[in-house]
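Residue numbers start from 1 in every chain, and the chains themselves are labelled A, B, ... in the order their sequence lines are given, proteins ahead of strands.
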Protein chains: 2
Amino acid sequence: MTPRSPRPRDRGIPEATVARLPVYLRALQGMAERGILTVSSEDLATIAGVNSAKLRKDLSHLGSYGTRGVGYDVDYLVYQISRELGLTQDWTVAIAGVGNLGRALANYGGFGTRGFRIAALFDADRRVVGDEVAGLVVRHIDTLEDVVGSEGVSIGVIATPAASAQGVCDRFVEAGVTSVLNFAPVVLNVPPAVDVRKVDLSIELQILAFHEQRKADGQAPPEAGWIDATEKT
Amino acid sequence: MTPRSPRPRDRGIPEATVARLPVYLRALQGMAERGILTVSSEDLATIAGVNSAKLRKDLSHLGSYGTRGVGYDVDYLVYQISRELGLTQDWTVAIAGVGNLGRALANYGGFGTRGFRIAALFDADRRVVGDEVAGLVVRHIDTLEDVVGSEGVSIGVIATPAASAQGVCDRFVEAGVTSVLNFAPVVLNVPPAVDVRKVDLSIELQILAFHEQRKADGQAPPEAGWIDATEKT
DNA sequence: CCTACTTTGTGCGTACTTTCACAAGGGCGT
DNA sequence: ACGCCCTTGTGAAAGTACGCACAAAGTAGG
């Protein structure tokens with residue numbers, strides 16, 4: 001097998017790194033818009049809220065795209081990260097559940113930057129079907145299979161009540177969707193070939209509550225940790 | 001064994017464990033409602049979507065609340081996890097930004113189960129101020145400091161546009177909020193004593209896109225990996 | 001060309017997580 | 001009361017992730 005390119009990108013970029021690449025990407029895109037041409041790992045790390053060594057190691061997984069003594073070319077890095085994340089092609093998304101959350105998602109302009117196209121909105125409630133939301137007509141959930149097939153949807157977003165989530169998920173998967181983003185508070189069951197990511201408000205709050213309790217439990221240093229902590233720029 | 005050491009709960013429960021406790025809790029509450037009295041680590045792990053050894057180790061951090069040969073008492077475990085997460089007391093929450101997302105959050109009934117009380121909704125747009133959302137009157141963002149102080153808000157939720165997020169965050173922190181849940185696509189800067197958790201839709205999608213691309217890259221096994229779902233190499 | 005300076009890329013020790021595998025403990029039938 | 005069988009709780013191993021500290025590699029200036 002002849003290696004097509006000089007990049008060492010083997011098949012294993014650590015999950016932890018993958019999860020941070022979007023953060024770097026967003027920071028870099030902001031810089032690009034402001035006309036910044038070059039950035040050091042130190043500066044980019046500060047903006048992204050991480051350690052600079054970690055940033056460099058993360059980027060090193062994509063290849064050696066920096067110049068020693070100078071830093072990274074902003075535009076080039078934007079391109080490389082985009083490509084690595086698969087954003088140079090468009091992904092087709094469908095959203096199931098057009099309640100408050102579904103609408104919020106549908107209207108979430110541009111879905112990040114670009115790279116994602118919302119192809120359809122589904123709901124089971126006939127009072128909602130036919131409404132126009134974010135420029136799309138809401139379709140009945142029973143047309144899911146047809147639409148997913150014809151539109152080539154690869155990512156399904158579940159914004160339904162918890163009770164319907166697994167059912168909708170099964171239908172997505174059966175129709176050929178291979179990635180699911182789940183906002184319903186349930187653990188979804190899928191075949192191993194399907195990726196699921198979960199966003200769960202109440203879990204996040206509970207984690208915060210845990211730490212909040214810890215702060216209170218420990219002691220109550222009258223006003224400590226406040227003043228000497230502020231200086232962080 | 002130790003006669004008088006009811007809980008070994010030292011001050012260090014691993015973060016990874018804390019993040020899973022809410023999942024266990026939800027599963028257990030569901031079982032409690034269905035009248036199930038006892039559950040084994042194996043069964044609970046399956047429902048929660050984790051390995052049973054991991055579940056047992058997680059629970060062991062709270063103390064020895066299981067009975068060998070039998071399993072865990074559902075109600076008792078619900079209580080212990082709730083207490084550990086700090087859900088036996090009420091936390092006061094304020095939401096900034098009453099757009100689509102803010103409304104969705106405000107209407108997200110019960111915020112998990114209970115333990116969280118939404119005390120106020122804020123927005124900068126005077127066309128929204130005064131509206132009633134989820135039983136609360138939307139207040140102007142300039143009253144944030146007063147309300148946070150008088151209501152004793154400890155958790156602030158940021159559902160504003162990205163541009164306003166850091167500003168709102170600073171005001172929350174200045175007013176005494178010590179935990180922040182951020183839905184805006186920016187990295188927030190806070191003093192070390194403040195906890196921040198981030199929920200970012202576009203990051204989740206990008207992570208899915210990465211894996212989606214990987215699947216496509218590798219090859220396209222026509223219908224493989226569906227039923228016979230072994231692990232990947 | 002050579003020296004001084006800057007910033008990347010990474011080897012390595014440390015800490016955290018996950019998973020295995022099994023001894024210890026407890027209920028239950030006889 | 002006894003022993004069988006089940007499930008917990010946990011050492012220890014394996015796998016990941018993090019961050020320091022520094023050599024390598026490039027720029028800039030004389």
Side-chain angles (χ1 to χ4, degrees), chain A residues 6-21 23-24 28 31 36-74 76-77 80-81 84 207 211, chain B residues 1-3 5-21 23-24 28 31 36-74 76-77 80-81 84 192 207 230-233:
Chain A
R7 53 189 139 86
R9 73 197 189 85
D10 62 308
R11 352 188 102 271
I13 294 184
E15 256 320 288
T17 294
V18 173
R20 283 186 295 264
L21 289 179
V23 179
Y24 305 153
L28 286 163
M31 300 180 117
I36 298 173
L37 299 178
T38 280
V39 65
S40 70
S41 64
E42 197 66 51
D43 290 351
L44 181 53
T46 301
I47 293 172
V50 303
N51 175 300
S52 71
K54 178 151 60 179
L55 171 70
R56 287 197 298 277
K57 190 158 289 188
D58 283 342
L59 294 184
S60 78
H61 287 291
L62 316 190
S64 289
Y65 296 139
T67 305
R68 298 178 192 225
V70 176
Y72 299 89
D73 180 277
V74 173
Y76 188 53
L77 205 47
Q80 290 299 345
I81 295 179
E84 195 63 48
I207 295 172
H211 293 296
Chain B
M1 32 205 180
T2 35
S5 196
R7 42 176 128 109
R9 73 194 188 89
D10 60 306
R11 294 230 153 270
I13 294 183
E15 256 318 289
T17 294
V18 173
R20 283 186 294 266
L21 289 179
V23 178
Y24 305 152
L28 287 163
M31 299 180 115
I36 298 173
L37 299 178
T38 280
V39 67
S40 70
S41 64
E42 197 66 51
D43 291 350
L44 182 52
T46 301
I47 294 172
V50 302
N51 175 303
S52 71
K54 178 150 60 178
L55 179 118
R56 286 197 300 277
K57 185 151 288 188
D58 283 344
L59 294 183
S60 78
H61 287 291
L62 316 188
S64 288
Y65 296 138
T67 305
R68 296 177 193 226
V70 177
Y72 300 88
D73 180 278
V74 173
Y76 189 53
L77 205 47
Q80 291 299 343
I81 295 179
E84 196 63 48
I207 295 172
T230 32
E231 41 248 79
K232 32 188 156 174
T233 310

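Going from atom NE2 of A:His61 over to atom P of D:dT16 covers 12 Å, rounded to whole Å. The interatomic distance linking A:Leu77 (CG) with C:dT8 (C1') rounds to 13 Å, in whole Å. Rounded to whole Å, atom C1' of C:dT19 lies 14 Å from atom CG of B:Leu55. The nearest whole Å value for the distance from the OH atom in A:Tyr65 to the C1' atom in C:dT7 is 19 Å. Remark: C1' of D:dG26 and CG of A:Asp73 are 15 Å apart, rounded to the nearest angstrom. Atom CD in B:Glu42 sits about 8 Å away from atom P in D:dT8, given to the nearest Å. Between the CG atom of A:Asp58 and the C1' atom of D:dC18 there is a distance of 10 Å, rounded to whole Å. The CZ atom of B:Arg20 sits 8 Å away from the C1' atom of C:dT17 (whole-angstrom rounding).
For C:dT17, its base never sits under 3.5 Å from the side chain of B:Lys54 at any donor and acceptor pair. A:Lys57 contributes no side-chain N or O that forms a donor-acceptor pair with the base of C:dG9 under 3.5 Å. In terms of polar N and O atoms assigned as donor or acceptor, the side chain of B:Arg68 comes within less than 3.5 Å of the base of D:dT8 in a complementary pairing.
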### Query
Do B:Tyr65 and B:Leu59 pass the side-chain contact (heavy atoms from CB on, under 4.5 Å) test, and can you show the C-alpha distance, the side-chain angles, and the key distance before you say yes or no?
CA-CA 8 Å; B:Tyr65 296 138; B:Leu59 294 183; over 6 Å; no
### Query
Going through the distances and angles, do A:Val74 and A:Leu37 end up as a side-chain contact (heavy atoms from CB on, under 4.5 Å)?
CA-CA 5 Å; A:Val74 173; A:Leu37 299 178; 5.8 Å; no
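Separating the OG atom in A:Ser40 from the CZ atom in A:Arg56 is a distance of 9.0 Å, to the nearest 0.5 Å. Rounding to the nearest 0.5 Å places CG of A:Leu62 at 7.5 Å from CG of A:Leu77. Note that CD1 of A:Ile81 is 8.5 Å distant from OH of A:Tyr24, once rounded to the nearest 0.5 Å.
When the side-chain nitrogen and oxygen atoms of A:Tyr72 are compared with OP1 and OP2 of D:dG26, none of them lie within a distance under 4.0 Å. OP1 and OP2 of D:dA17 both lie 4.0 Å or more from every side-chain N or O belonging to A:Asn51. Between B:Arg56 and C:dC20 there is no side-chain polar atom (N or O) within less than 4.0 angstrom of OP1 or OP2. Between C:dT8 and A:Ser41, a contact under 4.0 Å exists linking OP1 or OP2 to a side-chain N or O.
Using a 4.0 Å heavy-atom distance criterion, B:Ala16 is classed as a sugar-phosphate-only contact.
Each of A:Thr17 and A:Gly69 lies near DNA chain D, and the nucleotide nearest A:Thr17 is the one positioned closer to the 5' end.
For A:Ala53, the listed nucleotide lying nearest its side chain is C:dT10; candidates were D:dT27, C:dT10, C:dA21.
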